[in-house]
Number of protein chains: 2
Amino acid sequence: MRNATNPMLKRLSALVSLTDVDVELLEGLAFEMREVSAGEWLWHEGDSADSLLVVSEGWGCSARYLSDGSRQLLATYLPGDILGIFELLSGVRRNDVSMLTDGRVCEYPHSSVFTLLAASNRVRSALFVIANQQQAILAERLVSVARRNARESLAHFLCECRERLLEFLPDDVDGFQLPLSQQDLADALGMSTVHISRTFSALACQGLVRRHHFHMVILDPQRLAEMADFDDHYLNCDKRILATNKPVPFTEPSAAEWLPSTDYVPKGPHVAEGDEPTASS
Amino acid sequence: MRNATNPMLKRLSALVSLTDVDVELLEGLAFEMREVSAGEWLWHEGDSADSLLVVSEGWGCSARYLSDGSRQLLATYLPGDILGIFELLSGVRRNDVSMLTDGRVCEYPHSSVFTLLAASNRVRSALFVIANQQQAILAERLVSVARRNARESLAHFLCECRERLLEFLPDDVDGFQLPLSQQDLADALGMSTVHISRTFSALACQGLVRRHHFHMVILDPQRLAEMADFDDHYLNCDKRILATNKPVPFTEPSAAEWLPSTDYVPKGPHVAEGDEPTASS
DNA sequence: GATAAAAATAAACCTACGTTATCGCACCAT
DNA sequence: ATGGTGCGATAACGTAGGTTTATTTTTATC
């Protein structure tokens, strides 16, 4: 199966219906696969950016480091996720990005990506959609940190991870590898490590999850989602729209006739190099 | 001055160097100016989206409403800001958006925007850059809420507002209208109204700011920025890049030779219809 | 296996916040 | 005047979660 060899093609074809020409272009796309190991920096803020990255295996994350030595995780990157989309334009890395696990990463030089983008508006749209998804995840994280308590916040994060991993998981198991240490989780959710620990205990007591090392088992996905006020819409709405055979809107002149029907009703109440990427200074 | 009549043209021409053709296209762009009043909803999550909006006068905001009745502001929109970029693709509004003040809003139907986007990669790039800026602001807010204490967080927000308003302000004054109630600020920063009040008092005591009703005076911008760990880079880096006469990268084949030099060095340590949009249920 | 380093847990303590409540003020309507 | 409403300030009190330190468990390395 040819899709498997090229992570970009794999990801985009899952998101939009590509034309044969698009597929051809993607197959001809120059890229370089790189082995990376846990803790390795992929780049730093301010570095010059000349490639787009697709995670092929393992997990990565981007983070902001503050002057007091603490850090805030801004995003996690799972297999298939694309990094550095916005940096196509600026040519400068905006955040520090490092690997959470060993893995493999696929590098596409900007020059060849530009060629591709110029040739295919499907691909352009797909990247745009992916940027949109990433922003939605970021917004939801803000909501978690700002408004939810520790249990809700952690539960929400776990639901999100499960949902994003779902396509890789066998149907009959609710367990998966979550390669974030409690320090990483704390940095992602704006909490302290000890409170992450406490909160895991609390969730375990309620029979919602079980965690052993880096292995998570969601015992009761539904109750967990309820307590977290988790609604997978923000992760999946774009998939639904673009996985169909409809043409792709962005830069397409006459799009009005196939605008998606709005079958979704929200539940809200408005009726009314070198060193390791750790936090310690 | 023709730029003034069309907010989109005004905004984009400040960001990228448009060709004469681009300007012509933008001038011919169909739009509709609408008067809006404080508290008015522009749209709700789940609504079908068929237009791009540019704020012409006044302030707006987007927010997520949680099932417990609380809300989280996700973004504020100032004159010149563009709303609904990502919704070009999905055709569905993702958040609730309302006005914080009376103002005017400029509506560009998707159909005409598609035509424009198909014709001009400069415009495409500009919208992409704006989406990027919005994401940067969102990320910085997450950092504030997750990692900074109340004083730092509020100070950072004030610095951000000042910086975004700077082009509209006379050089000799450090005061401006900040049309957010303490409730709005609380909803933006993940705090309670009383603590916003306390924190303002604290900042005022330190001689950093003065606030009266909706009028803010930043008494000591530099000290305020220091205490907030505020670095305007995230707001201005794209401006620097695109305000030059360089061609625009996105979808341009051969971009390598004019990639911007990386002169920036980060300071981090690594070596429902009708009702008012309020939070109370 | 032995040892060291990293990760998780636990307990004690503390504080930056949230919550609730009261009050003042400005504005508007009757 | 009177009452209603929205915004803001202040005080008293409670708590979720931070901090610190110590102990245990797990992983990694040889």
Side-chain angles (χ1 to χ4, degrees), chain A residues 37-39 66 68-72 100-102 144-155 157 177-205 209-216 227 275-281, chain B residues 37-39 66 68-72 98 100-102 144-155 177-205 209-216 227 275-281:
Chain A
S37 48
L66 280 75
D68 69 350
S70 68
R71 72 168 180 174
Q72 177 61 37
L100 293 162
T101 67
D102 295 347
S144 263
V145 171
R147 296 285 152 203
R148 298 193 244 260
N149 65 28
R151 253 163 303 128
E152 294 165 345
S153 195
L154 181 55
F157 184 78
Q177 291 299 116
L178 182 77
L180 303 210
S181 67
Q182 295 194 352
Q183 179 67 64
D184 296 328
L185 288 165
D187 291 345
L189 300 176
M191 302 167 51
S192 67
T193 55
V194 306
H195 205 54
I196 291 282
S197 184
R198 284 194 278 240
T199 307
F200 261 127
S201 305
L203 292 181
C205 276
V209 307
R210 199 144 32 91
R211 177 180 146 101
H212 200 248
H213 310 298
F214 290 84
H215 188 74
M216 280 293 320
M227 85 155 299
D275 47 351
E276 298 277 277
T278 50
S280 48
S281 54
Chain B
S37 48
L66 280 75
D68 68 352
S70 68
R71 73 167 179 174
Q72 179 60 38
S98 61
L100 293 163
T101 68
D102 294 348
S144 263
V145 171
R147 295 286 152 203
R148 298 195 243 260
N149 64 28
R151 254 164 302 132
E152 296 166 343
S153 195
L154 181 54
Q177 291 298 116
L178 181 76
L180 305 209
S181 68
Q182 296 193 350
Q183 179 67 64
D184 296 328
L185 288 166
D187 291 346
L189 300 177
M191 302 166 51
S192 66
T193 57
V194 302
H195 206 53
I196 291 282
S197 183
R198 282 195 281 240
T199 306
F200 262 127
S201 306
L203 293 181
C205 276
V209 306
R210 201 145 30 93
R211 178 181 145 101
H212 201 248
H213 305 298
F214 290 84
H215 187 75
M216 278 296 318
M227 83 156 298
D275 48 354
E276 298 278 278
T278 50
S280 49
S281 54

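Numbered from 1 within each chain, the chains take letters A, B, ... in sequence-line order.
Between the A:Arg210 side chain and the A:Ala204 main chain, no donor and acceptor come within less than 3.5 Å of each other. The closest donor-acceptor contact from the side chain of A:Gln72 to the backbone of A:Asp187 lies under 3.5 Å.
Side chain A:Arg151 to base D:dG17: no donor-acceptor pair is found below 3.5 Å. One cannot find a donor-acceptor pair under 3.5 Å joining the base of D:dG8 and the side-chain atoms of B:Arg211.
Nucleotide D:dA9 holds its C1' atom 15 Å from the CG atom of B:Leu185, rounded to whole Å. Distance A:Leu189 CG to D:dG17 C1': 13 Å, rounded to the nearest Å. Computed from coordinates, the A:Asn149 CG to C:dC17 P distance equals 17 Å when rounded to whole Å. In this structure, B:Arg147 places its CZ atom 16 Å from C1' of C:dC17, rounding to the nearest Å. Between the CZ atom of B:Phe200 and the P atom of D:dA9 there is a distance of 8 Å, given to the nearest Å. Taking atom CD of residue A:Gln182 and atom C1' of nucleotide D:dG17, one finds them 15 Å apart after rounding to whole Å. The nearest whole Å value for the distance from the CD1 atom in B:Ile196 to the P atom in C:dT19 is 13 Å. Whole-Å rounding puts the B:His195 NE2 to C:dG18 C1' distance at 9 Å.
The shortest side-chain heavy-atom distance between A:Leu185 and A:Phe200 falls under the 4.5 Å cut-off. Side-chain contact between A:Arg148 and A:Phe157 is absent, with no heavy-atom pair separated by less than 4.5 Å. Side-chain contact between A:Arg71 and A:Asp184 is present, with at least one heavy-atom pair separated by less than 4.5 Å.
Taking every heavy atom of both residues into account, B:Leu180 and B:Arg211 meet most closely at O-NH1, 3.6 Å. Nearest approach of B:Ser153 to B:Val145, heavy atoms of both residues: OG-N, 4.5 Å.
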Would you give a per-nucleotide map of nucleotides 21-30 of chain D, 5' to 3', where B means the base has a protein non-hydrogen atom under 4.0 Å away, S means only the sugar-phosphate does, and - means neither?
-----SS---
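For A:Ser181, no side-chain nitrogen or oxygen approaches OP1 or OP2 of C:dA6 to under 4.0 Å.
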Mind listing the side-chain donor-acceptor pairs of residues 188-195 of chain B below 3.5 Å, one per line with the distance, residues two or more places apart or on another chain?
from, atom 1, to, atom 2, distance (Å)
B:Ser192, OG, B:His195, N, 3.3
B:His195, ND1, B:Arg198, NE, 2.9
B:His195, ND1, B:Arg198, NH2, 3.2

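Base contact: B:Ser197 has a heavy atom under 4.0 Å from a base atom. Nucleic acid contact class of B:Thr193 (heavy atoms, under 4.0 Å, all strands): none.
Within 6.0 Å of CZ on A:Arg151 lie no more than 12 heavy atoms contributed by other residues, nucleotides or ligands.
Listed nucleotides: D:dT19, C:dT9, C:dC17. Nearest to the side chain of A:Ser192: D:dT19.
Helix bend of the helix from C:dG1-D:dC30 to C:dT30-D:dA1: the angle between its two end axes, each built from five pairs, comes to 40° after rounding to 10°.
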